[in-house]
Protein chains: 2
Amino acid sequence: MSETADRLRRYLEDELEECRSEDLRRRLAELDDLEAVLDDGVVADDVRTLSALGDGTRYRLVRLLVEASGELCVCEITPLVEVSDSAVSHALSTLAEAGLVEKRKDGRWRKYRATDRAKALLTVLDGSR
Amino acid sequence: MSETADRLRRYLEDELEECRSEDLRRRLAELDDLEAVLDDGVVADDVRTLSALGDGTRYRLVRLLVEASGELCVCEITPLVEVSDSAVSHALSTLAEAGLVEKRKDGRWRKYRATDRAKALLTVLDGSR
DNA sequence: CACTTATCTGAACGAACGCACAATCGTCTC
DNA sequence: GAGACGATTGTGCGTTCGTTCAGATAAGTG
């Protein structure tokens, strides 16, 4: 159940007012998948993913992990960006919550790897520029 | 020229220290496209795009424009989201700067349309969930 | 021209964010 | 067990962000 979908339903049921075209009403009414993609859970999930990547530091970290095409530990990543190791740790944690990287314990180290979702997003960005 | 790429160059030239694997050094050295994708301009551009979409209101606006598969004017969009018309205007302006929507004057109205970049990003998000 | 409609712009303000610093935790080595 | 190393967590601080409100602009309408 989504607030926006609710608004959409009311919109479709309302009287036709100035400026709101009948054409739009018809088009939106035909979209039975619109409510699905406007579901609050789906929206929140995508927004978490996008805003996680929408930061310079985190973007660079993901870029490095994707290009390295393999696992890297924090101590390998830190010298490649211009922030403290604490900031890198915070950033990787945010990225993990967003499903953009995966963590693995390996003795004294924590190895990070980019997920398919991260790779797909960067690929699309590269392709549409 | 990118700060991160600079760091990468220094990293590859440095003496091998504890924790930084020779394997990583070899892998990174082979990537001649890494500097390209870490170019400050490219990073800033992608980050602008991602953080523009990484907000609930703006995400919903783009979603509506993509699903409607055509132009919508501001007064058609506003009743579908739960913020003021001013907030919608601000949001659309941000999205236009990020290259996610395109604006067109049509008499009294301004019509907005999602760009291919926006469609591609939402498609990837839908496909990797 | 006054009046309405559609949209934008510019504050202002509270909330959220990104970072560094300090402290802590787990693992390895001597 | 003491100490070093890799990484995380919590806190505080300055900055950015998203929103609303009020006012401006611009185009149609009577």
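Below, all heavy atoms of this structure are taken into account, side chains as well, without hydrogens, waters or symmetry copies. Bear in mind that the values here come from a model prediction, so they are computed numbers and not experimental data. Chain letters run A, B, ... following the sequence lines, proteins first, then strands; residues in each count from 1.
Taking atom CZ of B:R104 as the reference point, atom P of D:dA26 lies 20 Å away to the nearest angstrom. D:dG18 atom P lies 13 Å from atom CG of A:L50, rounded to whole Å. For the pair A:R60 CZ and C:dG18 P, the interatomic distance rounds to 14 Å; values are reported in whole Å. Spacing between atom CH2 of A:W109 and atom P of D:dT8 amounts to 14 Å, rounded to whole angstrom units. We find that NZ of B:K111 is positioned 14 Å from P of C:dC8, with the value rounded to whole Å. When rounded to the nearest whole Å, the span between CD of B:E97 and C1' of C:dT9 equals 13 Å.
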(request) Produce a footprint string for nucleotides 19-30 of chain C: one letter per nucleotide, 5' end first; B if the base is under 4.0 Å from any protein heavy atom, S if only the sugar-phosphate is, - if neither. (result) SBB-----BS--

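Of the residues listed (A:L95, A:T78, A:V101), the one engaging A:L61 in a side chain to side chain contact (heavy atoms under 4.5 Å, CB included) is A:L95, and it is the only one. For the salt bridge (Lys or Arg N to Asp or Glu O under 4.0 Å) criterion with A:E71, the lone passing option out of A:R113, A:K111, A:R110 is A:R113.
Projected onto DNA chain C by closest heavy-atom contact, B:V88 and A:S51 fall at different nucleotides, the more 5' of which corresponds to B:V88. If you find the closest nucleotide of DNA chain C to B:S89 and to A:G54, the one lying nearer the 5' end belongs to B:S89.
In this structure, the side chains of A:V66 and A:T123 stay at 4.5 Å or more apart for every pair of heavy atoms. Counting heavy atoms from C-beta on, the side chains of A:L100 and A:L121 come closer than 4.5 Å. Side-chain contact between A:W109 and A:C75: present, with at least one pair of heavy atoms (C-beta onward) separated by less than 4.5 Å.
Under 4.0 angstrom from either OP1 or OP2 of C:dA6 there lies no side-chain N or O belonging to B:Y112. Put simply, A:Y59 has no side-chain N or O that comes within less than 4.0 Å of OP1 or OP2 on C:dG18. At C:dT7, none of the side-chain N or O atoms of B:K103 fall inside 4.0 Å of OP1 or OP2 (strictly under the cut-off).
Of the candidates D:dT8, C:dC8, D:dG6, D:dT8 carries the atom nearest the A:V74 side chain, counting heavy atoms from C-beta on.
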For residues 44-55 of chain A, tabulate all N or O donor-acceptor pairs below 3.5 Å that involve a side-chain atom, not counting sequence neighbours.
unit_1: A:D45; atom_1: OD1; unit_2: A:R48; atom_2: NH1; d: 3.3
unit_1: A:D46; atom_1: OD1; unit_2: A:R117; atom_2: NH2; d: 3.1
unit_1: A:D46; atom_1: OD1; unit_2: B:R129; atom_2: NH1; d: 2.8
unit_1: A:D46; atom_1: OD2; unit_2: B:Y59; atom_2: OH; d: 2.5
unit_1: A:D46; atom_1: OD2; unit_2: B:R129; atom_2: NH1; d: 3.0
unit_1: A:T49; atom_1: OG1; unit_2: A:D45; atom_2: O; d: 3.1
unit_1: A:T49; atom_1: OG1; unit_2: A:A98; atom_2: O; d: 3.4
unit_1: A:T49; atom_1: OG1; unit_2: A:R117; atom_2: NH1; d: 2.7
unit_1: A:S51; atom_1: OG; unit_2: A:V47; atom_2: O; d: 2.8
unit_1: A:S51; atom_1: OG; unit_2: A:R48; atom_2: O; d: 3.4
unit_1: A:D55; atom_1: OD2; unit_2: A:T57; atom_2: N; d: 3.2
unit_1: A:D55; atom_1: OD2; unit_2: A:R58; atom_2: N; d: 3.1

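The salt bridge (Lys or Arg N to Asp or Glu O under 4.0 Å) test applied to A:K103 returns no partner, not counting sequence neighbours.
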